[in-house]
Number of protein chains: 2
Amino acid sequence: MESQTTKEKIVREALRLFSQNGFDAVSVEQIAAAVGIKAPSLYKHYKSKWAIFDAIFDEMQRRYDEETKSMNLHLSNAATDRQMFAEMTVDKLVEQVKALVSYSLHDELVSRFRRLMTIEQFRSEGLAALYTERYVMRMLEYHEALFRGMIQAGVLRGGDPRSMAWQYVSPILIFLSLCDRQPEKEAEVLDEIEKHIRQFHKIYKEENKK
Amino acid sequence: MESQTTKEKIVREALRLFSQNGFDAVSVEQIAAAVGIKAPSLYKHYKSKWAIFDAIFDEMQRRYDEETKSMNLHLSNAATDRQMFAEMTVDKLVEQVKALVSYSLHDELVSRFRRLMTIEQFRSEGLAALYTERYVMRMLEYHEALFRGMIQAGVLRGGDPRSMAWQYVSPILIFLSLCDRQPEKEAEVLDEIEKHIRQFHKIYKEENKK
DNA sequence: GTCTATATCCAGATAGAC
DNA sequence: GTCTATCTGGATATAGAC
């Protein structure tokens, strides 16, 4: 792991600070101090405070595109491999969600950026659309495709995969936002989420068909 | 309808402005201009900008307490009147949600205050707890009690009422936050929500018991 | 690329006349 | 209760030496 350049440190520390109280509440001097330089030095790396904000978004967009690529790869592989859907048990779903939630909550950049987006989402229509795309629609559509495959594979009983995806995904999203706000509740609500997934699976698994 | 005092107008306009980009992005001069006075005059009504912020919360707390009182009244009446649970059909649920969502989205104070809370929720543990209580737990617990009553009345099949409440309530909360961000999507997502409720009811109604 | 010194601006808030 | 004039502090950003 090579060490960070000053330019990278600025983005990292700015994200950390912005994700607490938002863009306006943080001064360039605070960012510079966190990096270990004086405010004017910072302007050799970025031409304005807003340029730092933009750089955060550029960096997170790069990561997002990578993840999306591998997610699409995963699903389209699964689509040609019915066996993968057939083997998607409730334990695998629980495991998948725990991995996702754990990553989302504890990855420094991911969780801080989500908080920043939550704070700044109303500033422009572009930010609003970005939020919906990244934190709602992507997860919804991924699970819609997953459940459609599971229905076709005979693992889940028939139904509207989109409504099923809403019912499955929404509690997880609410859980994430709850932990962003109150990290001390993580264990408590994680327990509720496992119950949710098992309840969801119990309700929709093929054996319960009427 | 009596006209507003200047003091009330300040709270109202401050909430409108704060709910766009947050507390820091709004100047006292902007608030004063919206009210139709100069900034220094405003200090005859509130001793600081933060005092205006606090006044918003006091006013909304008052309304919240009133609503909670009538909600509790409603539920405890229902508890002694099994008939009310028995008559809770899917159409009544749809109607109830449409009324709630419509009110939450279009009531000026309610929707603006929710946006403000969304922006400012990370500023203190108190605000975080307030957000969770008002926008998550109250609705969850109300529906948990509702579903428990419906199960006992034989309208819904047995199951964990809390998990059921999470599955029912979360998509509605996600929908609200989506419309706060992108009001133009209201019709589109309202449609998904009705599908969600009908799907939920179909899955849980007593006749589908295996 | 970092620093000190500084320009410039605008915010929150006060004083005091009317 | 409203105004004009003003204070004071802190913010973004620049100039220019090292």
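In what follows, chains are A, B, ... by sequence order, proteins preceding strands, each numbered from 1.
- Ring-centre distance between Y64(A) and F113(A): not below the 6.0 Å cut-off.
- Out of dA5(D), dG12(C), dT12(D), the shortest distance to the side chain of P40(B) is found at dA5(D).
- Atom-to-atom, OH of Y43(B) to C1' of dC3(D) comes out at 15 Å; the value is rounded to the nearest Å.
- Among the protein residues, V35(A) comes within range of no part of the nucleic acid, since none of its heavy atoms lies under 4.0 Å from any strand.
- Atom CD in E8(A) sits about 16 Å away from atom C1' in dG1(C), given to the nearest Å.
- Straight-line distance from the CH2 atom of W50(A) to the P atom of dT12(D): 12 Å, rounded to whole Å.
- In this structure, I37(B) atom CD1 and dC3(D) atom C1' are separated by 11 Å, rounded to whole Å.
- Regarding contacts with the backbone of dT2(C), a side-chain N or O of T6(A) is found under 4.0 angstrom from either OP1 or OP2.
- The side chain of S27(B) sits closest to dA11(C) out of dA11(C), dG1(D), dT14(C).
- Relative orientation of the F57(B) and F53(B) rings is tilted, given thresholds of 30° and 60° on the angle between their planes.
- Contact annotation for K44(A): base contact, defined as any heavy-atom pair under 4.0 Å involving a base atom.
- Taking atom CD1 on I10(B) and atom C1' on dG12(C), their separation rounds to 15 Å, with Å as the unit.
- If you measure from atom CZ of F18(B) to atom C1' of dG12(C), you get 12 Å, rounded to the nearest angstrom.
- In this pair, F147(B) and Y168(B) present their aromatic rings perpendicular. The plane angle is above 60°, beyond the 30 to 60° band.
- Taking only side-chain nitrogens and oxygens, K38(B) never comes nearer than 4.0 Å to OP1 or OP2 of dT2(D).
- The side chain of H45(B) lies closest to dT2(D) when the candidates are dT12(D), dT2(C), dT2(D).
- For the pair L17(B) CG and dG12(C) P, the interatomic distance rounds to 12 Å; values are reported in whole Å.
- Considering only side-chain N and O atoms, S41(A) lies under 4.0 angstrom from the phosphate OP1 or OP2 of dC3(C).
- To the nearest angstrom, P of dT14(D) lies 15 Å from NZ of K49(A).
- No side-chain heavy atom of K195(A) sits less than 4.5 Å from a side-chain heavy atom of Q199(A).
- In this model, a donor atom of one side chain and an acceptor atom of the other lie less than 3.5 Å apart for Q61(A) and R134(A).
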